[in-house]
Structures are given as structure tokens and as C-alpha cells.
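Below, each value reflects all heavy atoms present in this structure, side chains not excepted, and no hydrogens, waters or symmetry copies. From a predicted model like this one, the values you see are computed outputs, not experimental measurements. Protein chains get the first letters and strands the later ones, always in sequence-line order, with residue 1 at the start of each.
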Number of protein chains: 2
Amino acid sequence: MRVSQRQKLAAAFRTRALRCTPPRYAVLDYLLRNPVHATAEEVFRAVNETDPRASRATVYNSLHALTRAGLVREVLLDGKAARFDANVHRHHHFVCERCGAVKDVAAWTALPRPPLAAFPAGSVVETYEVVFRGRCAGCSGATDLEERNG
Amino acid sequence: MRVSQRQKLAAAFRTRALRCTPPRYAVLDYLLRNPVHATAEEVFRAVNETDPRASRATVYNSLHALTRAGLVREVLLDGKAARFDANVHRHHHFVCERCGAVKDVAAWTALPRPPLAAFPAGSVVETYEVVFRGRCAGCSGATDLEERNG
DNA sequence: TTTTGTGCAAAAGGTTTGCATACGA
DNA sequence: TCGTATGCAAACCTTTTGCACAAAA
């Protein structure tokens, strides 16, 4: 990691009262440089390869600490593993139902406000997310038969 | 289960080439009568209480068969367990970040179409879902301190 | 009679926890 | 020094799998 990059991360950590520790640098640096919505396991493998002492538990701890601090966003798109995204600006996601690829969809405009009656009375909405599902370019021509044959 | 209800379910099963089996009746009937976005475990406990022979694996099998047949919708709202919803009409969800309650949000209007450029080139969007997060009526006044104290 | 589903137990992910040790502030 | 994070292993929870048996069509 470049010195200047580490200094940026350290500043972000300190602003949020997060301790600066090697695994936290490594986790956030990895997510920033690999904006592919990695799972915790993928982050673990990458971080652990650089520093074999880094453990799974610590990667989970770091991901949660970074998420709580607002430096990382946890994205739940399938029933398997949570994914983590260092892009915390408002945006949505497109998921390919066939190959599982996840792509960002730029936030194009605010959602039209639904009638208040649509929400449970007294509730307060803080955020919303839109998940689009379909087939990515590489999979949109493929048939189910091809899919089954790999 | 009322005879007329069972006949309705049987008709729905046959239309979709699903075999009519006791666990499938029980699972779908439970979801229809308890529109609370139950987890597989909750469905299992309810079904198993009525018929102690029903197993977890069978409840999972039934949920998946019903989902594939379009009679049930699988909803992924937290990193823990999938939830199942017998309401397959287009609608969205509100999740209370504090107590985890899930409420339906009526589909009020189509989303404005995002610019095509927002999507990966060549991709085909089939569905979308919106998840609103915030605090439900019962939790919107509670502070984090109260939350910690239980 | 053929095909598909069931039920049981065991295994397989993904994630969390307990605790002694190490390290940042 | 004090308080928090790390690292390891084991536990946990949800979901899947393998297989013999049972039931639906």
C-alpha cells in the first residue's frame, strides 16, 4: 500500500474514532481497489495472502467496524454470503440471476415518494435500496439448456 | 385446514404440475394465513407442530418447490435467514432496523426508468425490488440506550 | 409401475463467540 | 497503562445433501 494511501485511510479512521490497525488498513484498501462486491471470504483470502497472520474473525471484525463507521456498506443480494462495498455513495445494484455477477447502478433520481399510507403508521424511513435482477450481457443470450450444460 | 381451502391449494398445485403432498399443503397454508414473512425455521416449527413427522429438509424442499412454481416469493432482507411470502403480487418491503419487523409496502407506481446507461450494456432487467429501512412505529421513539437495555 | 417427494442424519457453508495475548492511544 | 483489537479454535445457525423408504400420478 502506498504511504499516501495509508495516510488517507488513517485520517478516515481517526475522524471516525476507529483505531488504526493493520487488518483494517488491509481490508479497506482491498475493498477500495477491488470494487467487485467481495464476500467476507474473498476479503479474507486476499488479506490473508498478504499477511498470513490475519484471521477470519479479524476480517469479520474489521468489516463490521468499517460498516458501523460508514466507510463500507454491507450489501445483501443472495441468501448465501453478505457482500461488502467501499462505495458508500447512494447507488443501486444489478444482479445477474445466472452467473451471480453484481454491478453498480448509478442512482439516477430519487424514488417518487410513495403515499404515506403505503408505510406502516408511525414508521420512519431512513434509507432505501433498489435491487434489479435479470441477466447480464454475457448471460442474456444463453438458454437454460446451455446453463445446465455449464 | 378447511376442505375448500385444500381444494384451492390442490388446484393451484395441479395447474403448476406440482404434486399434492401433505407438507406442501401445510407450508403454503401456513404462509397464506401468517403473512409475516416467516423464516424457514418458523415455517418448520408451525408445520412440525401440526404434523410431527414433517422434517426440516422437507419444509425446505417444499418452500423451494413453491417458490419455483411462483406460489411463494423468497425475500432476502437480512444476512441471517431467508424469508418467505405467499403474497406474490408486486410489492416492496419495509424493515425495522431495530426490531427486525418486516412490513409490506404496496407498489404505488412503477419506478421511473433509469437511463439505460445506468445498466451494464447488454443486460436484461427482469424484476426489481425496493427495500426501505428505518424504524417501525414501536421503535421510532426508542433510543439506542433503551435498545441496549432491552 | 414409474417418478417424485419424504424423512432422517450428517455435512457444508457462512458467521459469531470465548478467551488469552498483543497492540494502539 | 488502559482499553480495545487480534488470532485461534470451537460453536452456532441456516441450508444442503445422500440415501432408503413412501406416496403421488
Closest non-hydrogen atoms of B:C20 and B:Y25, given as atom of the first, atom of the second and distance, are CB-OH, 3.2 Å
Using whole Å, report how far CZ of A:F84 lies from P of C:dT15.
-> 7 Å
Could you tell me the separation between the CG atom of B:L76 and the P atom of C:dG14, rounded to a whole number of Å?
-> 15 Å
Calculate the interatomic distance between A:F44 atom CZ and C:dG14 atom P; express it in whole Å.
-> 13 Å
Can you tell me the distance, in whole Å, between the OH atom of B:Y25 and the P atom of C:dG5?
-> 14 Å
Return no unless some side-chain N or O of A:Y60 is found under 4.0 Å from OP1 or OP2 of C:dT15.
-> yes
Hey, what's the ring geometry for A:F132 with B:Y128, parallel, tilted or perpendicular (30° and 60° as the breaks)?
-> tilted
Excluding sequence neighbours, so at least two apart, what forms side chain to side chain contact (heavy atoms under 4.5 Å, CB included) with B:A12?
-> B:R16, B:L71
Round to the nearest Å and state the distance from A:R83 atom CZ to C:dG14 atom P.
-> 10 Å
Calculate, to the nearest 0.5 Å, the distance between atoms CZ and CG belonging to A:F13 and A:L28 respectively.
-> 5.0 Å
May I ask you to evaluate whether B:H64 reaches the phosphate of D:dT15, defined as a side-chain N or O under 4.0 Å from OP1 or OP2?
-> no
Nucleotide-resolved protein contact map, nucleotides 2-9 of chain D, B/S/- at heavy-atom distance under 4.0 Å | -BBSBBBB
Around atom CD of B:E126, are there more than 12 heavy atoms of other residues, nucleotides or ligands at under 6.0 Å?
-> yes
Atom-to-atom span, CD of B:E41 to C1' of D:dT16 - whole angstrom = 15 Å
Cationic N near anionic O, under 4.0 Å, B:E41 to B:R45 = yes
Hey, does the side chain of A:K80 come within less than 4.0 Å of C:dT15's phosphate (OP1/OP2), counting only N and O?
-> no
